[in-house]
Amino acid sequence: MKVRTRFAPSPTGFMHLGGLRTALYAFIFARKHGGNFILRIEDTDRARYVEGATEVIYETLRECGLNWDEGSDKGGGYAPYIQSERMKDGLYMKYALELIEKYEAYYCYCLPEAETCDCKNSKIRKPDIPFVIRQRIPCGGTTAFKDEVYGEIKVDNSEIEDQILIKSDGMPTYNFANVIDDHTMNITHVIRGNEFLSSTPKHVLLYKAFGWEPPVYIHAAPIMRDASHKLSKRDGDAYFSDFKAKGYLTRAIVNYIALLGWSPKGENEIFSLEELSSEFDISGISKSPAIFDEVKMRAINAHYIRTLPLEEFKLLAMPYICASAPESEPPAIDYDILCAALQPRTEVLTDITPQVDFIFEVRDYQADLYNNKKMKTSPETAFSALKDSLKIINTDGFSRDEIYDAFKALSEKNGVKIGYYLYPLQVALTGKPAAPGGGLDICVMLGKDESLRRIEKAIVKLS
RNA sequence: GGCCCGUUGGUCAAGCGGUUAAGACUCCGCCCUUUCACGGCGGCAACAGGGGUUCGAGUCCCCUACGGGUCACCA
């Protein structure tokens with residue numbers, strides 16, 4: 001039988017990382033087994049519907065590469081894929097009526113506030129007052145099912161109340177619609193968060209009442225903010241879009257969340273979507289919750305950034321480089337050199353901006369920045385070193401090698417480290433104790449004229 | 001509260017009765033080095049507690065503690 005998985009979100013807001021991970025697992029599981037991944041929108045609760053939420057779901061899944069095979073926008077053999085549309089054909093009511101005929105369900109016209117319901121033996125005919133349809137749950141016995149990650153789970157039927165199938169507004173409840181849809185869409189594997197573990201017996205009971213075969217259940221533990229709180233929308237940083245804004249790469253986010261609650265067979269932790277699709281295995285899903293660790297995600301993001309081809313990094317970096325520009329054009333410097341230096345110093349894209357403000361202008365700095373123990377420099381030594389630098393840099397050739405050789409020769413002659421000259425140069429050119437590249441790199445990056453101007457200014461400052 | 005589920009370093013986690021209890025991130029040290037990084041090498045650090053079963057238990061069973069989920073005409 002062909003594997004069919006689905007992601008069935010409710011359009012209630014932005015795409016939460018927990019939801020994204022669930023979608024990811026459903027997607028890669030389907031891919032791994034050559035099956036189909038279905039996107040179904042569960043919008044039976046009108047009160048919680050949020051305008052535009054469906055589009056956000058589509059966009060996020062698309063951006064992450066979780067391309068669904070069937071869904072409301074591309075059709076498929078089981079359309080429609082939006083519950084509110086499925087309901088129009090009376091689909092859920094039809095199945096509810098079927099259960100009533102089978103004596104597996106009944107009309108109940110107790111008021112919502114009623115403590116207990118005594119409609120159990122109400123007549124088969126539809127009453128002409130507001131009603132709901134409830135499933136008749138066996139009084140005795142147990143209901144059991146096997147979850148692929150939690151194993152055998154069994155509960156007493158006495159723990160389960162006669163669940164409502166059709167609400168008084170005519171809409172199906174989540175549990176009912178969910179089961180009807182999964183069955184009519186031929187879903188073979190239900191992959192979802194383990195908050196549904198407790199309601200799964202209800203679902204199983206529904207399958208039994210219809211005489212249908214339940215799907216394979218795979219429940220995943222939640223992603224946590226800390227030991228006792230789920231990563232939630234209230235934390236302000238649980239949305240996919242939040243992390244995009246912070247400068248994370250989509251593939252890094254996807255890679256990281258895949259690792260939260262699932263562990264690969266080998267020791268490699270870096271996986272593309274394609275690799276995940278072949279590596280993924282249910283046996284690697286963990287039962288216990290995983291605490292979200294942004295530090296680790298940063299490390300993974302850093303890895304992706306570092307392995308980007310320079311040209312691609314440059315494309316991503318330019319907006320962040322220009323972000324601190326006064327308002328004028330970005331200066332004419334060598335951006336290849338800048339980006340090559342920036343790349344290993346960037347964990348998330350937003351790290352870039354504060355590192356490159358010096359390319360626009362040198363901000364005011366203290367002269368004691370020239371003090372460097374390792375380089376044996378001070379404002380005094382810098383003063384003379386910069387004068388030497390001025391001469392060396394002011395050559396016709398202005399090639400990196402040429403300048404380097406000149407500094408090398410000079411430092412050897414005077415028995416000092418090359419940093420004795422280059423560290424002050426860096427400070428003079430950037431006004432910073434740490435820069436993306438050493439003094440020589442910055443010098444070549446800025447160009448001869450700009451470098452000379454900055455060095456002269458620094459000398460004046462020191463005199 | 002009832003029911004269900006979980007608990008290996010700070011975090012993610014491997015482990016399926018016999019291991020010096022992996023690996024990754026973080027942190028620390030060293031090397032490389034014109035700063036800061038990158039990279040390389042090394043290090044610190046864990047089986048929640050108590051009872052069983054067994055020649056032998058992180059691994060199996062029970063209890064306790066702690067944490068989570070669920071008990072809706074929400075999904």
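Side-chain atoms are counted along with the backbone in the values below, which use heavy atoms only and exclude waters and symmetry mates. Below, chain A is the first sequence line, B the second, and so on; all start at residue 1.
Judged by distance alone, with hydrogens and angles left aside, A/Lys265 brings no side-chain donor or acceptor close enough to the base of B/rA14 to form a pair under 3.5 Å. Side-chain N/O atoms of A/Ser198 and base N/O atoms of B/rC4 include no donor-acceptor pair closer than 3.5 Å.
Rounded to an integer number of Å, the gap from NZ of A/Lys287 to C1' of B/rU59 is 12 Å. In this entry the distance linking CD of A/Gln163 with P of B/rC74 reads 13 Å, nearest Å. When rounded to the nearest whole Å, the span between NZ of A/Lys167 and C1' of B/rC74 equals 7 Å.
The residue A/Glu269 sits close to a base: some heavy atom pair falls under 4.0 Å.
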Summary of protein contacts for nucleotides 27-39 of chain B, nucleotide by nucleotide, where a base hit scores B, a sugar-phosphate-only hit scores S (4.0 Å, heavy atoms): ------BBBBSSS

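Tested against A/Asp351 for a salt bridge (Lys or Arg N to Asp or Glu O under 4.0 Å), the candidates A/Arg345, A/Lys246, A/Arg298 yield a single pass: A/Arg298.
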Paired and unpaired positions of RNA chain B as dot-bracket, Watson-Crick or G-U wobble under 3.5 Å, | denoting a partner strand: ((((((((.[[[..)..(....]]].(((((.......)))))....[[[[[..)....]]]]])))))))....

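A cation-pi arrangement, defined by a distance under 6.0 Å to the six-membered ring centre and an angle within 45 degrees of its axis, is absent between A/Lys167 and A/Phe176.
Between the side chains of A/Tyr248 and A/Glu294, at least one donor-acceptor pair of N or O atoms lies under 3.5 Å.
When each of A/Asn268 and A/Ile153 is assigned the nucleotide of RNA chain B bearing its nearest heavy atom, the one mapping closer to the 5' terminus is A/Ile153.
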